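Encoded as structure tokens, the structure appears first; notes follow it.
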Amino acid sequence: IFFINRYKLSSCIPCILFALYNVYFLVTSLKRSIKVSSLINTLGGNMLDKYFDYRKHKTDFKTEVIAGTSTFLTMAYIMFLNPVILADGGFDFGGVFTATALATALACFIAAFYAKTWPVGLAPGMGINAFIAYGVCLGMNYTPAEALGAVLVAGVLFLIISLTPIRAWLINSIPKSLKLGIGAGIGLFLGMIGFEIMGLTADHPVTLVTLGNLGNPLLLLGAGAFISMIVMEKMKIKGNIIIGIVAFSAIAWVTGLGQFNGVTSMPPPMTHLFTFDLGAALSASMATVIFTLFFIDFFDTAGTLTSVANVAGKIGKDGKIQDIDKAMLADSSSTVVGALLGTSTVTTYVESAAGIKAGGRTGMTSLVIGILFLACLFFSPLATSLPKEIDGAALIYIATLFVRNIVDIEWDDIAESGPAILAMIAMPFTYSISHGIALAFISYAAIKICTGKLNVSPAIWVIAIASVVSFWVA
């Protein structure tokens with residue numbers, strides 16, 4: 001790190017390769033050393049087994065550490081992408097970078113010590129951060145402080161509902177097709193933003209959009225990064241997003257196409273710490289924003305926890321998920337913490353399944369994830385060195401992960417699939433996640449009325465009427 005910071009990258013590539021070789025040699029040596037492995041297992045077991053009880057869950061200290069590292073590698077991209085997205089909305093890049101690392105670490109620690117049977121990672125959510133930056137700040141002209149106030153209010157609302165029976169009622173009230181359609185719509189919204197950042201699309205006075213400049217070498221590097229992420233996913237290589245970002249950014253630095261600002265430094269100041277503005281957040285005009293933030297966070301968390309529970313075997317014979325109340329409370333508390341620190345809504349990551357597949361079964365996995373994100377505090381120069389075209393490619397890749405769940409929509413029932421597809425299309429074309437959600441619920445309710453099928457959850461009517469009112473007020 002000293003040589004990388006002191007000298008130009010191109011003059012120390014041998015040092016980097018030598019360092020990587022030493023890391024590889026160290027890891028393989030530890031794996032082959034039965035004595036060292038046993039010592040680590042024994043110390044970890046004696047110190048933490050009483051709390052996490054990972055022996056009861058048929059795991060051990062070493063397995064939990066490996067699981068936490070696996071999940072960290074699959075979600076570490078948020079450290080680079082969250083500051084990039086929120087900075088477009090007027091947030092300070094460095095302040096968001098530090099807030100992202102701290103909020104993620106604290107959220108994982110909350111999950112580790114409160115929801116200690118859930119081996120999950122939490123961080124500022126993709127999609128919600130884009131809604132805040134491009135929808136709330138740029139689209140509605142709210143300041144970052146006012147946006148953080150809305151995040152805080154939505155988090156408190158989520159926290160309150162998580163403590164009441166309303167939580168279970170809401171989870172079971174929204175049709176599955178609408179949930180999937182809204183999730184896919186968020187993916188298309190991210191994809192459109194990725195296209196813009198990457199330069200694949202450009203403004204056009206007649207057709208609104210057209211193909212960008214394919215002669216831009218950084219755009220081609222971004223395309224290569226996107227392809228590499230898919231190939232690594234196909235080859236089941238963990239951390240494919242972060243590997244693709246860093247590898248192709250390194251090519252840009254070496255060739256002079258990108259500016260390398262260093263690797264480490266002291267963490268940037270937390271410019272958005274406690275800067276939330278509740279004045280605007282509690283106004284009538286912000287009600288739609290708060291509802292959208294709550295809706296996305298609540299149902300994204302519920303869906304993610306259900307998916308993770310399937311992988312971890314936490315669903316009982318009665319169909320109920322074990323300790324989901326603690327996981328929901330940990331998630332909602334983390335959103336409040338994130339808003340206070342100065343970042344967007346914190347949520348549970350579906351990438352947690354990577355650690356579970358590696359054997360993680362307890363909060364020890366979450367603890368490892370949090371510690372690794374704390375270490376990221378010192379890598380802000382590296383984050384500022386990433387070309388935006390490669391960041392855009394990562395967004396497009398993440399968009400594909402959001403969209404692929406549409407296979408589970410009830411395609412045989414047009415009354416179910418129609419509103420879901422409307423949500424998907426409306427979000428990118430209206431440049432608003434909240435408008436997409438509103439149109440989906442209004443159309444769903446209208447279709448049920450016209451077909452005479454009124455035996456749906458009261459939540460549908462409440463949200464549909466509130467959406468009509470919000471459009472009328474706007």
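Worth knowing before you read on, the calculation uses all heavy atoms, side chains too, and leaves out hydrogens, waters and symmetry mates. Note that this is a predicted model, so its numbers are computed, not measured.
- A donor atom on one side chain and an acceptor atom on the other are not found under 3.5 Å apart for T430 and S432.
- Checked by atom type and distance alone, the side chain of T71 pairs as donor or acceptor with a backbone atom of G355 at under 3.5 Å.
- No hydrogens or angles considered: nothing links the side chains of T345 and D297 as a donor-acceptor pair under 3.5 Å.
- With hydrogens and angles ignored, the 3.5 Å screen pairs a side-chain donor or acceptor of N261 with a backbone N or O of T384.
- Looking at residues two or more places apart in sequence or on another chain, you find no ring pair (Phe, Tyr, Trp, His ring centres under 6.0 Å) involving Y142.
- The shortest distance between side-chain heavy atoms of S333 and L159 falls below 4.5 Å.
- The local environment of CZ in F429 is sparse, with at most 12 non-hydrogen atoms from other residues, nucleotides or ligands closer than 6.0 Å.
- The backbone N or O of I356 lies less than 3.5 Å from a partner atom in the side chain of R361, making a donor-acceptor pair.
- Looking only at atom types and distance, the side chain of T301 has no donor-acceptor partner in the side chain of T348 under 3.5 Å away.
- Shown here is K388, whose NZ atom has more than 12 heavy atoms of other residues, nucleotides or ligands within 6.0 Å.
- Between F471 and H435, the ring-plane angle classifies as tilted under the 30° and 60° cut-offs.
- A search for ring pair (Phe, Tyr, Trp, His ring centres under 6.0 Å) contacts involving Y397 returns nothing, not counting sequence neighbours.
- With hydrogens and angles left out, the side-chain atoms of E64 and T362 include a donor and acceptor closer than 3.5 Å.
- Relative orientation of the W253 and F260 rings is tilted, given thresholds of 30° and 60° on the angle between their planes.
- Defined by atom type and a distance below 3.5 Å, a donor-acceptor pair is present between the side-chain atoms of D92 and T271.
- For T98 (side chain) and G95 (main-chain N/O), no donor-acceptor pair under 3.5 Å exists by modelled atom type.
- A 6.0 Å sphere centred on NZ of K314 holds more than 12 heavy atoms belonging to other residues, nucleotides or ligands.
- Legend: ring pair (Phe, Tyr, Trp, His ring centres under 6.0 Å) pairs involving residues 164-184, not counting sequence neighbours: none detected.
- The backbone N or O of W118 sits less than 3.5 Å from a side-chain atom of S366, completing a donor-acceptor pair.
- Checking N82 against T343 by side-chain atom types alone, a donor-acceptor pair falls below 3.5 Å.
- Of the possible polar contacts, one joining the N129 side chain to the G127 backbone as a donor-acceptor pair under 3.5 Å is found.
- Side-chain N or O atoms of Y349 include one that pairs as donor or acceptor with a backbone N or O of P124 at under 3.5 Å.
- For F298, the ring pair (Phe, Tyr, Trp, His ring centres under 6.0 Å) test picks out F158, F294, with sequence neighbours left out.
- Using a 4.5 Å heavy-atom cutoff, the side chains of P144 and T275 are not in contact.
- Between Y114 and F109, the distance from one ring center to the other does not fall under 6.0 angstrom.
- Using a 4.5 Å heavy-atom cutoff, the side chains of Y444 and L422 are not in contact.
- Looking only at side-chain heavy atoms (C-beta outward), I182 and I437 come within less than 4.5 Å of each other.
- With sequence neighbours excluded, no residue forms a ring pair (Phe, Tyr, Trp, His ring centres under 6.0 Å) with F274.
- Annotation: side-chain hydrogen bond (donor to acceptor under 3.5 Å, both in side chains) contacts involving residues 190-203, sequence neighbours excluded, comprise E196-Y431.
- Aromatic ring orientation, F113 versus F52: tilted (interplanar angle from 30° to 60°).
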